[in-house]
Amino acid sequence: QVQLVESGGGLVQAGGSLRLSCAASGSIFRISTMGWYRQAPGKQRELVADITIGGSTNYADSVKDRFTISRDNAKNTVYLQMNSLKPEDTAVYYCNLDQKVLRINYWGQGTQVTVSS
């Protein structure tokens, strides 16, 4: 059974940085697309960034040039480096594993990111 364990959330001032980490159990990590999503109060969950098995990345327009997603297959871990944070980045951030061939999705528990003015 796949488990996703997140860390790195917290409270920062606008303009600051955070790095989120998500460690996945099992070898399924190496054959899956990994992503970060976020959900703010009263809003729908949205894709922030994802990264494929081969390392291709995709970013939401709102975070492009500020956030960077990366993966370390040896450690079964995906990261989200968040720079120049804005109050509108405040949300619960969720790690996602998407095994497209098996058509299975796994989600982390979510980690709170709060950016103050």
Side-chain angles (χ1 to χ4, degrees):
Q1 185 173 352
V2 175
Q3 291 182 300
L4 304 177
V5 181
E6 301 173 333
S7 62
L11 172 64
V12 297
Q13 294 183 1
S17 298
L18 285 173
R19 189 178 75 157
L20 306 183
S21 299
C22 174
S25 63
S27 60
I28 192 174
F29 177 92
R30 301 175 66 89
I31 57 171
S32 303
T33 292
M34 300 297 300
W36 288 95
Y37 291 71
R38 67 186 182 187
Q39 187 167 23
K43 298 183 179 180
Q44 294 186 342
R45 186 174 299 186
E46 64 176 355
L47 174 68
V48 177
D50 61 21
I51 183 168
T52 68
I53 299 168
S56 297
T57 58
N58 179 55
Y59 296 93
D61 288 342
S62 60
V63 307
K64 191 174 183 179
D65 299 323
R66 297 189 297 120
F67 292 8
T68 302
I69 188 170
S70 61
R71 65 192 295 163
D72 185 338
N73 289 340
K75 297 182 178 180
N76 285 2
T77 301
V78 63
Y79 305 94
L80 185 68
Q81 179 67 46
M82 305 185 294
N83 297 327
S84 301
L85 283 162
K86 304 175 181 179
E88 49 263 46
D89 295 319
T90 295
V92 177
Y93 284 70
Y94 297 91
C95 179
N96 172 257
L97 181 152
D98 184 3
Q99 216 306 310
K100 297 186 181 298
V101 176
L102 298 177
R103 302 167 80 171
I104 297 174
N105 274 275
Y106 295 92
W107 293 91
Q109 78 286 351
T111 184
Q112 178 70 47
V113 172
T114 302
V115 184
S116 62
S117 300

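All values below come from the heavy atoms of this structure, side chains included, with hydrogens, waters and symmetry mates left out.
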Spacing of [X] atom [atom1] and [Y] atom [atom2] [to the nearest 0.5 Å]:
X	Y	atom1	atom2	value
Tyr79	Met34	OH	CE	11.5 Å
Thr77	Asp72	OG1	CG	6.5 Å
Asp98	Ile28	CG	CD1	9.5 Å
Ile69	Leu80	CD1	CG	6.0 Å
Ser32	Ile51	OG	CD1	12.5 Å
Asn105	Leu97	CG	CG	7.5 Å

For [X] and [Y], work out which heavy atoms get closest and say how close.
X	Y	answer
Pro87	Ser117	CG-OG, 3.8 Å
Asn58	Leu47	ND2-CD2, 3.5 Å
Met82	Val113	CE-CG2, 3.9 Å
Lys100	Thr33	CE-OG1, 3.5 Å
Ala40	Ala91	N-CB, 3.9 Å
Ala49	Tyr59	CB-CD2, 3.5 Å

State whether the side chain of [X] and the backbone N or O of [Y] hold a donor-acceptor pair below 3.5 Å, judged by distance alone.
X	Y	result
Thr90	Val115	yes
Glu6	Gly110	yes
Asn96	Gly108	no
Arg45	Gln39	no

>> Test side-chain contact (heavy atoms from CB on, under 4.5 Å) on Arg38 and Ser62; report intermediate values, then the result.
In response: CA-CA 12 Å; Arg38 67 186 182 187; Ser62 60; 3.4 Å; yes

> Run the side-chain contact (heavy atoms from CB on, under 4.5 Å) check on Asn76 and Arg30 step by step: do they pass?
Replying inline: CA-CA 7 Å; Asn76 285 2; Arg30 301 175 66 89; 4.1 Å; yes

>> Between Leu18 and Leu85, does the side-chain contact (heavy atoms from CB on, under 4.5 Å) criterion hold? Intermediate values first, please.
In response: CA-CA 8 Å; Leu18 285 173; Leu85 283 162; 4.2 Å; yes

> Would you find more than 12 non-hydrogen atoms of other residues, nucleotides or ligands less than 6.0 Å from Gln44 atom CD?
Replying inline: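 Not more than 12 within 6.0 Å, no.
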
> Side chains of Tyr94 and Leu4: closer than 4.5 Å at any heavy-atom pair?
Replying inline: no

> Do the side chains of Cys95 and Trp107 get nearer than 4.5 Å, heavy atoms only?
Replying inline: no

> Where does the angle between the aromatic ring planes of Tyr93 and Phe67 fall among parallel (under 30°), tilted (30 to 60°) and perpendicular (over 60°)?
Replying inline: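 Rings of Tyr93 and Phe67: tilted, 30 to 60°.
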
> With a distance cut-off below 6.0 Å to the six-membered ring centre and an angular limit of 45° from the axis, does Arg71 pair with Phe29 as a cation-pi contact?
Replying inline: yes

> Given Arg66 and Asp89, is the side-chain contact (heavy atoms from CB on, under 4.5 Å) satisfied, shown in steps?
Replying inline: CA-CA 11 Å; Arg66 297 189 297 120; Asp89 295 319; 2.8 Å; yes

